[in-house]
Amino acid sequence: MPNPQPETITGPILDWYAEHARDLPWRAPDATPWGILVSEIMLQQTPVVRVLPVWHEWMKRWPTPAALAAEPSGEAVRAWGRLGYPRRALRLHGAAQAIVERHGGEVPDSHEDLLALPGIGAYTAAAVASFAFRQRHAVLDTNVRRVLARLVSAREYPPKAPTRAEVKVAESLLPPDPPTAARWSVAVMELGALVCTARSPRCVDCPVLDRCEWQLAGRPAYDGPPRRGQTYTGTDRQCRGRLLAVLREAHEPVEKAALDVVWSDAVQRERALDGLIADGLVDPLDDGRYALPS
DNA sequence: GAAACGTGGTC
DNA sequence: TGACCAAGTTT
């Protein structure tokens, strides 16, 4: 059941955020919608500390969507560095092009238009609409889902995939005033990132400890199905990463042999390379060499 | 709805 | 040491 008095939860968390929020550049008063959008894509499945230097580099080099859209997509992939999931770089470049073509170079402010951009799903559309345009949307990322699972549902962890019920809970807590709702959303995320963490939550520092259903239930351990199970060593993913790293670090097209040396299993190597080409991350040139896409 | 998709730090 | 985790999206 939703809390009958949401303010008893939102109030203390908003107060906590006012005092403990990290000073992140995409939260600065002069942050642009574009800068916020770029940060949201980079932060998908990626820790803040790793994003910071790359974000600054991108903002300096491509301060507007038009600036990025004017460059080859391969430059976005190269500047992505080792953030991981390089298809995000390609999609961000595609989003920049779409913003120029469909929205006159301005990041759109509607959830619907944002959702239509490549690489932007339900979470990121809600996040950009909230954080860049101060709108009222339920923002359900992994941090918020974990906080609400504990606070409201007395579970240590949320379900594997977001459910209708989670959306309902998030909406029931959203303050009516849009700017306040936007601040609330970032505040819950921050609480999840700094206090209500996955592994060792710092409940002693929690502003709503006395209202936490998980705490009141005696912090029962997670009892659902295993939440993970992906090894990395030896996978196609690792192989793709090795291949792409060669192209990122080379500033001109490379011979096939330069790719062959970084992965010994030829069958897997060819499969991974084909995948990269199919994804548009690698361009097979007519002369037999390979390059980042233009 | 499950599976694929990078990378590096932590306990 | 190896499993888990970090502001998800796409197919």
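Chain letters run A, B, ... following the sequence lines, proteins first, then strands; residues in each count from 1. Any value given below was found using the heavy atoms of this structure, including those in side chains, with hydrogens, waters and symmetry copies removed.
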Near DNA chain C, counting only heavy atoms under 4.0 Å, which residues of residues 201-209 of chain A show up? none
Where the side chain of A/Arg91 is defined as all heavy atoms beyond and including C-beta, which of B/dG8, C/dT10, C/dG8 is the nearest nucleotide? C/dT10
When we call it a touch if two heavy atoms are under 4.0 Å apart, what does A/Ala161 touch: a base, just sugar-phosphate, or nothing? nothing
Any donor-acceptor pair, under 3.5 Å, between the side chain of A/Thr231 and the base of C/dG2, if you only look at N and O atoms? no
Whole-Å C1' distance, B/dA2 and C/dA7: 23 Å
If I take atom CE in residue A/Met42 and atom P in nucleotide B/dG8, what distance separates them, rounded to the nearest angstrom? 16 Å
Looking for any heavy atom pair under 4.0 Å, which part of the strands does A/Thr142 touch: base, sugar-phosphate only, or nothing? sugar-phosphate
Quick one: label A/Ala198 by what it contacts on the DNA or RNA (base, sugar-phosphate, nothing), any heavy atom closer than 4.0 Å. sugar-phosphate
Touch class at under 4.0 angstrom, heavy-atom based, for A/Leu90 against every strand present: nothing
Tell me whether the OP1 or OP2 atom of C/dA7 has a side-chain N or O from A/Ser39 closer than 4.0 Å. no
For A/Val54 versus A/Met42, what's the shortest heavy-atom pair and its separation? CG1-CE, 3.7 Å
Tell me whether A/Arg289 contacts the main-chain N or O of A/Lys256 through its side chain, where contact means a donor paired with an acceptor under 3.5 Å. no
I'd like the P distance from C/dT9 over to B/dG8, given in whole Å. 23 Å
What is the separation between atom CD on A/Glu40 and atom C1' on C/dA7, rounded to the nearest whole Å? 5 Å
A/Tyr232 side chain: which of B/dT7, B/dA4, C/dA7 is closest? B/dT7
From CG of A/Leu43 over to C1' of C/dA7, roughly how many Å is that when rounded to an integer? 5 Å
Pick the P atom in C/dC4 and in B/dA3, then give their distance to the nearest Å. 16 Å
So, are A/Glu190 and A/Arg27 salt-bridged, with charged N and O less than 4.0 Å apart? yes
A/Gln238 CD to B/dG8 C1': how many Å, rounded? 12 Å
Considering every strand and a 4.0 Å limit on heavy-atom distances, what is the contact class for A/Arg271: base, sugar-phosphate, or nothing? nothing
Rounded to whole Å, CD of A/Gln45 lies from P of B/dG9 at a distance of 17 Å
Salt bridge between A/Asp177 and A/Arg136, side-chain N to carboxylate O under 4.0 Å? no
Out of C/dA7, B/dC5, B/dG8, minimum distance to the side chain of A/Arg27 belongs to C/dA7
Please figure out whether A/Pro47 or A/Ile120 has its closest DNA chain C nucleotide nearer the 5' end. A/Pro47
Length of the line joining A/Leu92:CG and C/dA7:C1', which is rounded to integer Å: 15 Å
For a quick test of reading the model: is some side-chain N or O of A/Arg199 closer than 4.0 Å to OP1 or OP2 of C/dC4? no
So that I can tick it off, tell me whether A/Arg61 and A/Glu71 are bridged by a salt bridge, with the cut-off set at under 4.0 angstrom between side-chain N and carboxylate O. yes
Sidechain-backbone polar pair: A/Thr197 side chain, A/Ala193 backbone, donor-acceptor under 3.5 Å: no
Would you say A/Tyr157 reaches C/dC5's phosphate, i.e. side-chain N/O to OP1/OP2 under 4.0 Å? yes
Quick check against the 3.5 Å criterion: does A/Arg146 have a side-chain atom that pairs as donor or acceptor with the backbone of A/Tyr157? no
Any stem touching DNA chain C, meaning at least three consecutive Watson-Crick or G-U pairs under 3.5 Å, ordered by first number, would be B:2-5 with C:8-11, B:7-10 with C:3-6
At 4.0 Å (heavy atoms only), tell me whether A/Gly121 reaches a base, stays on the sugar-phosphate, or touches nothing. sugar-phosphate
A/Ser200 or A/Leu83, whichever maps to the more 5' nucleotide of DNA chain B: A/Leu83
Under 4.0 Å from OP1 or OP2 of C/dA7: is there any side-chain N or O of A/Gln44 that close? no
Using OP1 and OP2 only, check whether a side-chain N or O of A/Arg88 sits under 4.0 Å from C/dA7. no
Side chains of A/Ser153 and A/Glu213, donor plus acceptor under 3.5 Å: no
Is the phosphate of C/dA6, meaning OP1 or OP2, less than 4.0 Å from a side-chain N or O of A/Arg50? no
Can you check whether A/Val169's main-chain N or O pairs, donor with acceptor, with A/Ser172's side chain at less than 3.5 Å? yes
What's the closest nucleotide to the A/Arg248 side chain, out of B/dT7, B/dC5, C/dA7? B/dT7
What is the nucleic acid contact for A/Arg145, judged by heavy atoms within less than 4.0 Å: base, sugar-phosphate only, or nothing? nothing
Hey, does the side chain of A/Ser130 reach the backbone of A/Val128 with a donor-acceptor pair shorter than 3.5 angstrom? no
Just how far, in rounded Å, is P of B/dG6 from CG of A/Leu244? 8 Å
Aromatic ring centroids of A/Trp34 and A/Trp62 under 6.0 Å? no
Would you call A/Glu75 and A/Arg78 a salt bridge, using N to O less than 4.0 angstrom? yes
Gap between atoms CH2 and P, on A/Trp80 and B/dC5 respectively (whole Å): 17 Å
